[in-house]
Amino acid sequence: MSAIPLVSISRLTKHFGGLTAVQDLTFDLHPGEILALIGPNGAGKTTTFNLVAGVFAPGEGSIALGGERIDGLPVHAIAARGLMRTFQHNMPFAGMSLTDNILVGCHTRCSDSLFDILIGRRRVRRRETAARLRAAELIKFVGLQDRIDDDVSALSFGEGRLLELARALAGEPRVILLDEPAAGLTQPEMTRLGAIIRDIAARGVAVLLIEHDMHFLLPLAHRVVVLNFGRKIAEGTPEAIVRDRQVIEAYLGEAVGDLAMRPASA
Amino acid sequence: MRLLRDALIWFAAIAAASALAFWLGGYATDVYRKMLIWVALALSYNFLFGIAGQVAFSHFAFAGVGAYAIVIFAHQLGLPFGLAFILALALSAALAFVVALPSTRLEGFYLALATLAFSQLVLVVISEGGDLTGGTGGIANYRLPHVFDVTISGPWYTVVLVLLVASTLWMLRRLDRSAFGRACRAIRDNAVAAAAMGIDVRRIKVLAFTLTSTLAGLAGIAYAYIDNVINPPVFGLENIFLLLFMIIVGGAGSHIGAIIGAVFLYLAPFVLEPIVGHGFMVVFGVLVVLTILFQPSGLAGLVNRWPARRAT
């Protein structure tokens with residue numbers, strides 16, 4: 001793991017009216033790292049995601065990506081800087097083919113001017129060919145090659161998840177945010193997803209994920225940040241987190257500490 | 001090889017559509033020319049409505065801007081035709097851009113209302129424009145001037161319209177198959193997810209609106225020299241709804257569907273009117289409802305299913 005953080009979140013605070021959703025949150029994310037954000041419902045996990053992705057501007061604090069401040073930038077500008085995400089609920093482009101869905105993820109890599117597209121510049125064609133090759137690779141990478149000609153609305157929930165993952169990877173992100181990627185998946189799907197996430201991180205992409213399923217999460221994450229009522233109550237390796245008194249009281253409960261450390265699919 | 005085959009298909013289609021112009025009689029030529037204008041408008045409106053998902057009702061207003069602008073610039077003000085043409089196109093584009101900036105912040109119903117209001121505004125301006133626009137009677141008695149000493153008339157003007165349709169189709173298909181077209185469709189399907197993929201939603205919406213409305217302006221310019229008459233009712237609401245029906249019946253989002261829908265609904269009244277009189281609009285209404293309920297991909301969807309059926 002590199003010593004220089006890729007994403008630096010510092011003293012982040014967000015109020016919604018009288019409610020403080022996130023307060024004074026600070027943590028770093030390194031290239032190749034899988035960092036999990038856990039905590040009870042309403043702890044501020046999804047708000048943190050939305051702040052990092054640019055859906056909301058933070059009230060206070062800063063977010064830096066590769067040394068550059070990104071807080072306050074619009075969503076698309078943050079995505080273009082290499083931060084891609086998936087959503088808690090699948091959001092496919094239902095009227096488009098599977099391949100086109102993934103090609104949309106390449107948008108920032110092949111956004112040429114209308115004029116260049118119309119005159120058929122070689123650069124445009126080269127990027128289009130490269131994007132199509134990449135989309136085909138990604139479809140294989142997530143294992144959807146048998147579904148390539150199917151309507152995306154015909155995909156199962158788990159396959160939809162994989163499509164979203166492939167779509168987010170298509171933009172060659174430096175950071176990827178996964179909002180409850182394992183929710184609603186079957187055990188074999190979860191095992192496959194875990195392997196895919198490890199593979200993504202092994203290629204140097206920083207992975208930040210929200211997850212409730214501790215069986216899935218604890219063997220996967222390198223580091224865990226625990227939120228409660230918008231504040232960070234603990235940060236550390238999964239082994240340390242499951243033994244943390246505060247975390248057990250706020251979130252995990254007594255039994256989970258031992259249970260969770262068993263491998264998920266032994 | 002595919003490139004050569006595509007070029008041959010385009011060439012054959014343009015040649016056939018042009019050859020028809022020399023064969024048709026006076027009345028049939030008039031019908032054919034107006035059909036070509038409908039097809040050109042349907043193609044650009046399909047991109048805006050079917051591909052970019054913007055429910056805008058300003059398409060005929062922009063055709064009106066183009067038509068009135070060319071006639072006013074070239075004939076009322078007497079500017080050289082080339083200059084008048086560029087100015088008319090530029091005016092359509094500039095106006096489209098100005099309308100797009102606030103309108104594309106709106107969605108669905110509200111975009112429809114805003115563009116409907118703009119259409120009414122254009123109608124009022126051309127109806128009340130005094131001598132410059134000819135008021136409710138419009139402008140007549142002008143003709144297409146010589147361009148570089150060449151007179152384009154008779155079937156050759158129909159060939160110009162064929163080329164207009166062909167170039168509109170070629171442009172829109174090319175854009176549709178690029179990252180721009182995918183961005184348009186992605187925004188239509190889910191704007192939140194599109195933004196998360198790095199798409200600047202507003203920019204793409206403004207581009208799509210401006211581009212397609214400018215193409216409507218271009219079709220309007222071409223329309224102005226079919227009868228050498230322009231008047232306000234053509235650019236009113238009845239036609240914009242007919243255009244919408246064409247797209248829905250043909251198959252929203254499909255270029256071939258836009259062509260089929262425009263040809264079908266434009267020609268249908270010629271068959272229906274002797275039977276049901278003005279009741280053909282009711283028939284259209286029923287057709288639209290049936291399409292939405294039972295065949296959402298329109299006539300184009302039926303065409304696409306044929307080879308699959310034969311294969312089984």
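Side chains included, hydrogens not; waters and symmetry mates left out as well; all remaining heavy atoms used. Lettering of chains follows the sequences in order, A, B, ..., and the numbering in each one begins at 1.
Annotation: A:Phe16, atom CZ; neighbour count of heavy atoms from other residues, nucleotides and ligands within 6.0 Å is above 12. Enclosure of atom NE2 in A:His15 by more than 12 non-hydrogen atoms of other residues, nucleotides or ligands within 6.0 angstrom is indicated. For B:Arg203, the CZ atom is loosely surrounded, since the number of other residues' heavy atoms within 6.0 Å does not exceed 12. Under a cut-off of 6.0 angstrom, the local environment of CZ in B:Phe97 is sparse, with at most 12 non-hydrogen atoms contributed by other residues, nucleotides or ligands. Dense packing is recorded around CG of B:Leu293, with more than 12 heavy atoms of other residues, nucleotides or ligands lying under 6.0 Å away. Counting heavy-atom neighbours within 6.0 Å of A:Arg123 CZ, excluding the residue itself, gives a total above 12.
Side-chain N or O atoms of B:Asn190 include none that pairs as donor or acceptor with a backbone N or O of A:Phe93 at under 3.5 Å.
Annotation: the span from B:Asp189 atom CG to A:Asp100 atom CG amounts to 10.5 Å, rounded to 0.5 Å. The structure places CG of B:Leu211 at 6.5 Å from CG of A:Leu114, a figure rounded to the nearest 0.5 Å. A distance of 9.0 Å separates CE in B:Met197 from CZ in A:Arg85, rounded to the nearest 0.5 Å.
For residues 144-163 of chain A, a heavy-atom distance under 4.5 Å to chain B picks out no residue at all. Contacts between residues 168-187 of chain B and chain A, defined by a heavy-atom separation under 4.5 Å, are made by B:Trp170, B:Met171, B:Arg174, B:Leu175, B:Arg177, B:Ser178, B:Ala179, B:Phe180, B:Arg182, B:Ala183, B:Arg185, B:Ala186.
Among A:Arg81, A:Glu164, A:Glu128, A:Arg127, the residue with the largest count of heavy-atom pairs under 4.5 Å with chain B is A:Glu128.
Shortest non-hydrogen contact noted between A:Ala79 and B:Ala196 is CB-O, 3.3 Å.
Within the 4.5 angstrom heavy-atom criterion, no atom of A:Arg125 approaches chain B.
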